[in-house]
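Below, each value reflects all heavy atoms present in this structure, side chains not excepted, and no hydrogens, waters or symmetry copies.
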Amino acid sequence: MITATTTESIITPRVIASPSSWIEGEAIRQLEQTARLPGMRAAVGLPDLHPGKGYPIGAVFLSERIYPALVGNDIGCGMALWQTELTARRFKPERAAERLQGLEGPWDGDLDAWRADWNLEPTPFDSALGTIGGGNHFAELQVIEKVLDETALAALELEPERLCLLVHSGSRGLGESILRAQVNQWGHAGLAPDSPEAEDYCARHDQALRWAEANRALIAARLLDALGTEAEQRLAVWHNGVEPVDWHGERLWLHRKGAAPADRGPLVIPGSRGSLSYLVAPTGDGETSLRSLAHGAGRKWKRGEARARLSGRQRPEDLAVTALGGQVICEDKELLYDEAPESYKGIERVIGDLVAAGLCHPIATLCPVLTYKVRKAEHQRPGRARQTERRRR
DNA sequence: ATGTGC
């Protein structure tokens, strides 16, 4: 007798990392668990693989279904790189730092025009447009430290003497609200691609992608304005999201969970604020890595763990300048410790593993000069700051 | 990651 039930074959996840790369057991368990979800066709851990909330970060999944919970709350989180008109030689980090104030508060420019430029409908979260947020998000001025592929650098129109601005941020409260609504209604279930619920999620997801991209652009615009300079965007990628792909003639869904795309040209893989970032060009056919690359160095210590480990030997003021000489603006103590260079794995190993696997080749290294995270907590809540002001009048 | 929490 032929039964109606289909046998779901269990796929074996792969991890792209050298044996000496330390990866937490919990991350591997999460990778294996996620690979068992119905309709999963391939799962790959990248060298920055580490545990997340239920699902691993630094991983990519190819599936017949759409898994919003796997994408997570920060839909569209990613990186964008600008070439500024600032020259490394004449840049004064201390003076620049003084000018960078209040980027946490709402932007006072023309939001309607900005939304129109980016094809965005208004959302309840738009007062956060142009704000960096917390966690590992940042805006960082960087100097090109070493050029490894002059031709590729020139093709990207990046001049070695000019400072770069790298912005890492996402969709803030918007992405979180989309995931929350999704989980409230459907739990963590995978969505059938042509269902109304999938179409609904994809529409919101794509909106969050645009919102996050517009957010990074506005963060850059505000920061550049404060410094009295201009810049041109050179690169932009997202590393949290899902997209339909043609996989050997079949339509499948590629989930990137803290994984950068390897099919959209060069990109920056950032280290911690105390290490280099790598501008790389993807290589290979994308088959083994599911068209993806590591999205950063990868967290070594969980959030909240760093302060206990570091506060005995490093005071907050010690963390304001890194080993590479970069200045750090972070007036939130917990965040200052959480995002300390020691909280991250070495970026060199991550890049080394990718190169050894034939997945990318380095174009240049970027050295942090000034990292902006957050000013004082009272400036963080847009609404509250305004209320305080109103009360004073 | 998050107007993150009563």
Ignoring backbone atoms, test whether A:Arg172 places a side-chain nitrogen or oxygen under 4.0 Å from the OP1 or OP2 oxygen of B:dG3.
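Yes.
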How many Å lie between [atom1] on [X] and [atom2] on [N], as a whole number?
X        : N     : atom1 : atom2 : result
A:Arg180 : B:dT4 : CZ    : C1'   : 10 Å
A:Glu334 : B:dG5 : CD    : P     : 14 Å
A:Asn73  : B:dG3 : CG    : P     : 9 Å
A:Leu209 : B:dA1 : CG    : P     : 17 Å
A:Leu129 : B:dT2 : CG    : P     : 13 Å
A:Asp332 : B:dA1 : CG    : C1'   : 14 Å
A:His239 : B:dA1 : NE2   : C1'   : 10 Å
A:Trp211 : B:dT2 : CH2   : P     : 9 Å

Over all strands shown, is [X] touching base, sugar-phosphate only, or nothing at heavy-atom distances under 4.0 angstrom?
X        : value
A:Gly175 : nothing
A:Gly135 : sugar-phosphate
A:Gly133 : sugar-phosphate

Sequence neighbours excluded, every pair satisfying ring-ring contact (aromatic ring centres under 6.0 Å, His included) that has a member inside residues 241-289 of chain A
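Non-adjacent pairs meeting ring-ring contact (aromatic ring centres under 6.0 Å, His included): zero.
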Contacts of A:Asp206 that satisfy salt bridge (charged side-chain N to carboxylate O under 4.0 Å, His left out) - sequence neighbours left out
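Salt bridge (charged side-chain N to carboxylate O under 4.0 Å, His left out) list for A:Asp206, sorted by chain: empty.
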Are A:Glu26 and A:Arg29 close enough, and set up right, to give a salt bridge (Lys or Arg N to Asp or Glu O under 4.0 Å), and what steps lead you there?
CA-CA 5 Å; A:Glu26 178 61 13; A:Arg29 277 189 290 278; 3.3 Å; yes
So, the side chain of A:Asn215 versus the backbone of A:Thr131: is there a donor-acceptor pair under 3.5 Å, distance only?
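Yes; judged by distance alone, with no hydrogens or angles, the pair exists.
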